[in-house]
**Q** 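Here it is: the structure, laid out below.
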Amino acid sequence: MSTPHVVVVMGVAGTGKTTVGPLLADALGVPYAEGDDFHPPGNIAKMSAGTPLDDADRLPWLDAIGAWAHSRAGLGGVVSSSALKRAYRDRLRSAAPGAVFLHLTGDRPLIETRMSERKGHFMPTALLDSQFAALENLGADEAGVAVDVSGTPEEITDRAVAALRRLES
């Protein structure tokens, strides 16, 4: 990408945001911020207990991610955030108007398998249905691209870089 955008790597839990995000940041030569690190402790406790977050829970988290993205405006960066609903992406865009979204997509069986294989993460597979229920795909008027998560992290990253470059041109 020729312009230093902030790329928000989005998608339901288990799509590989935490894996692809740093690889994408390396490929673009910009810093990476892990969206989960912006959650207040109460959110992590709630999700760890198998309770989905509601919109009120997500607002401080989205605002913290938005503040980081705003601080990277004109410099570029990659940050992960589920950003499942259009309203969440609108909130992020209000803080960082130049943000571009990379929606990692995949079918439920693949994502559930990946979630069940990861170690030490607070998000249980029991919340996957609530994630898919909340998901609103990118609208045609939203700056962003969707990339399938089948394949290796490196293959996904290569597809993401290519898709983002096409978006630029």
**Q** Can you name the residues that form a side chain to side chain contact (heavy atoms under 4.5 Å, CB included) with Ala64, not counting sequence neighbours?
**A**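 Result, side chain to side chain contact (heavy atoms under 4.5 Å, CB included) vs Ala64: Phe38.
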**Q** Is there side-chain contact between Gln131 and Ile111, with at least one heavy-atom pair below 4.5 Å?
**A**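 A side-chain contact under 4.5 Å is absent here.
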**Q** For Ser81, check side chain to side chain donor-acceptor pair (under 3.5 Å) against everything at least two apart and list the hits.
**A**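 Partners of Ser81 by the side chain to side chain donor-acceptor pair (under 3.5 Å) criterion come out as none, since no residue qualifies.
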**Q** Could you tell me which residues satisfy side chain to side chain donor-acceptor pair (under 3.5 Å) with Arg159, sequence neighbours excluded, listed by chain and number?
**A**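 Side chain to side chain donor-acceptor pair (under 3.5 Å) list for Arg159, sorted by chain: empty.
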**Q** Would you please name every residue forming a side chain to side chain donor-acceptor pair (under 3.5 Å) with Ser150, sequence neighbours left out?
**A**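 Per chain and number, Ser150 pairs via side chain to side chain donor-acceptor pair (under 3.5 Å) with Asp148.
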**Q** Between Glu168 and Val100, is there a side-chain heavy-atom distance shorter than 4.5 Å?
**A**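 No, every pair of side-chain atoms sits at 4.5 Å or beyond.
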**Q** I'd like to check the salt bridge (Lys or Arg N to Asp or Glu O under 4.0 Å) partners of Arg93; sequence neighbours left out, ordered by chain and number.
**A**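 Scan of Arg93 (salt bridge (Lys or Arg N to Asp or Glu O under 4.0 Å), adjacent residues dropped) gives Asp90, Glu142.
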**Q** Let's go through Ser80 and Tyr32 carefully: what are the C-alpha distance in whole Å and the side-chain angles of both, what is the deciding distance for side-chain hydrogen bond (donor to acceptor under 3.5 Å, both in side chains) to 0.1 Å, and is it a yes or a no?
**A** CA-CA 8 Å; Ser80 59; Tyr32 172 73; 3.2 Å; yes
**Q** Does the Asn43 side chain pair with the main chain of Asp57, one donor and one acceptor, at a distance under 3.5 Å?
**A**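 Yes, the answer is positive, given that a donor and an acceptor are paired below the 3.5 Å cut-off.
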**Q** Under the side chain to side chain contact (heavy atoms under 4.5 Å, CB included) rule, collect the residues that match up with Ala95, sequence neighbours excluded.
**A**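 If we apply the side chain to side chain contact (heavy atoms under 4.5 Å, CB included) test to Ala95, skipping adjacent residues, there are no hits.
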**Q** Asp107: which residues meet the salt bridge (Lys or Arg N to Asp or Glu O under 4.0 Å) condition with it, sequence neighbours left out?
**A**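 Partners of Asp107 under the salt bridge (Lys or Arg N to Asp or Glu O under 4.0 Å) test: none.
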**Q** For Pro153, enumerate each residue passing the side chain to side chain contact (heavy atoms under 4.5 Å, CB included) test, keeping only those at least two apart in sequence or located in another chain.
**A**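 Checked Pro153 against side chain to side chain contact (heavy atoms under 4.5 Å, CB included); matches are Thr19, Leu23.
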**Q** Taking side chain to side chain contact (heavy atoms under 4.5 Å, CB included) as the definition, give me every residue that meets it alongside Ala134, ordered by chain and number, with sequence neighbours left out.
**A**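 Residues passing side chain to side chain contact (heavy atoms under 4.5 Å, CB included) with Ala134: Leu84, Lys85.
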**Q** side-chain contact (heavy atoms from CB on, under 4.5 Å) between Val9 and Val79: does it pass, once the steps are laid out?
**A** CA-CA 6 Å; Val9 182; Val79 62; over 6 Å; no
**Q** Apply side chain to side chain donor-acceptor pair (under 3.5 Å) to Asn137 and list each qualifying residue two or more places apart in sequence or on a separate chain.
**A**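 Testing Asn137 for side chain to side chain donor-acceptor pair (under 3.5 Å), a comparison that skips the adjacent residues, returns none.
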**Q** Below 4.5 Å, heavy atoms only, C-beta onward: do Val6 and Trp68 meet side chain to side chain?
**A**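 Yes; the side chains approach each other to less than 4.5 Å.
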**Q** Do Lys17 and Leu104 come within less than 4.5 Å of each other through their side chains, counting heavy atoms only?
**A**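 When only atoms from C-beta onward are counted, Leu104 and Lys17 do touch, with a gap below 4.5 Å.
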**Q** Measure the spacing between CD of Glu136 and NE2 of His103 and express it to the nearest 0.5 Å.
**A**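 Reported to 0.5 Å precision, the distance equals 11.0 Å.
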**Q** Shared ILVMFWY cluster between Val20 and Leu110, side chains joined below 4.5 angstrom?
**A**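 Yes; Leu110 is reachable from Val20 via cluster members.
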**Q** How would you list all residue pairs meeting salt bridge (charged side-chain N to carboxylate O under 4.0 Å, His left out) that involve residues 61-78, not counting sequence neighbours?
**A**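 As it turns out, the salt bridge (charged side-chain N to carboxylate O under 4.0 Å, His left out) pairs with a partner in residues 61-78, which skip direct neighbours, are Asp63-Arg91.
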**Q** For the side chain of His5 and the backbone of Gly98, is there at least one donor-acceptor N/O pair under 3.5 Å apart?
**A**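 Confirmed, His5 side chain pairs with Gly98 backbone.
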**Q** Test of understanding: with salt bridge (Lys or Arg N to Asp or Glu O under 4.0 Å), list the residues that count as partners of Asp26, not counting sequence neighbours.
**A**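 Expected list: none.
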**Q** Check step by step if side-chain contact (heavy atoms from CB on, under 4.5 Å) holds for Thr105 and Thr15.
**A** CA-CA 7 Å; Thr105 64; Thr15 53; over 6 Å; no
**Q** May I ask you to test the Val8-Leu102 pair for a side-chain heavy-atom distance under 4.5 Å?
**A**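 Side-chain contact under 4.5 Å: no.
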**Q** Please identify which of these residues, Val161, Val30, Ile156, meets the side-chain contact (heavy atoms from CB on, under 4.5 Å) condition with Leu24.
**A**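 With Leu24 as partner, Val161, Val30, Ile156 yield a single side-chain contact (heavy atoms from CB on, under 4.5 Å), made by Val161.
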**Q** Does any non-hydrogen side-chain atom of Asp55 lie less than 4.5 Å from one of Arg58?
**A**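 Answer yes - side chains close enough.
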**Q** Does some side-chain heavy atom of Asp141 sit less than 4.5 Å from a side-chain heavy atom of Arg86?
**A**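 A side-chain contact under 4.5 Å exists here.
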**Q** Within a strict 4.5 Å, meaning less than it, do heavy atoms of the Leu92 and His70 side chains meet?
**A**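 Of all side-chain heavy-atom pairs linking His70 with Leu92, none is under 4.5 Å.
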**Q** Main chain of Gly35, side chain of Trp61: is a donor-acceptor contact present, judged purely on distance under 3.5 Å?
**A**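 Yes: the side chain of Trp61 pairs with the backbone of Gly35.
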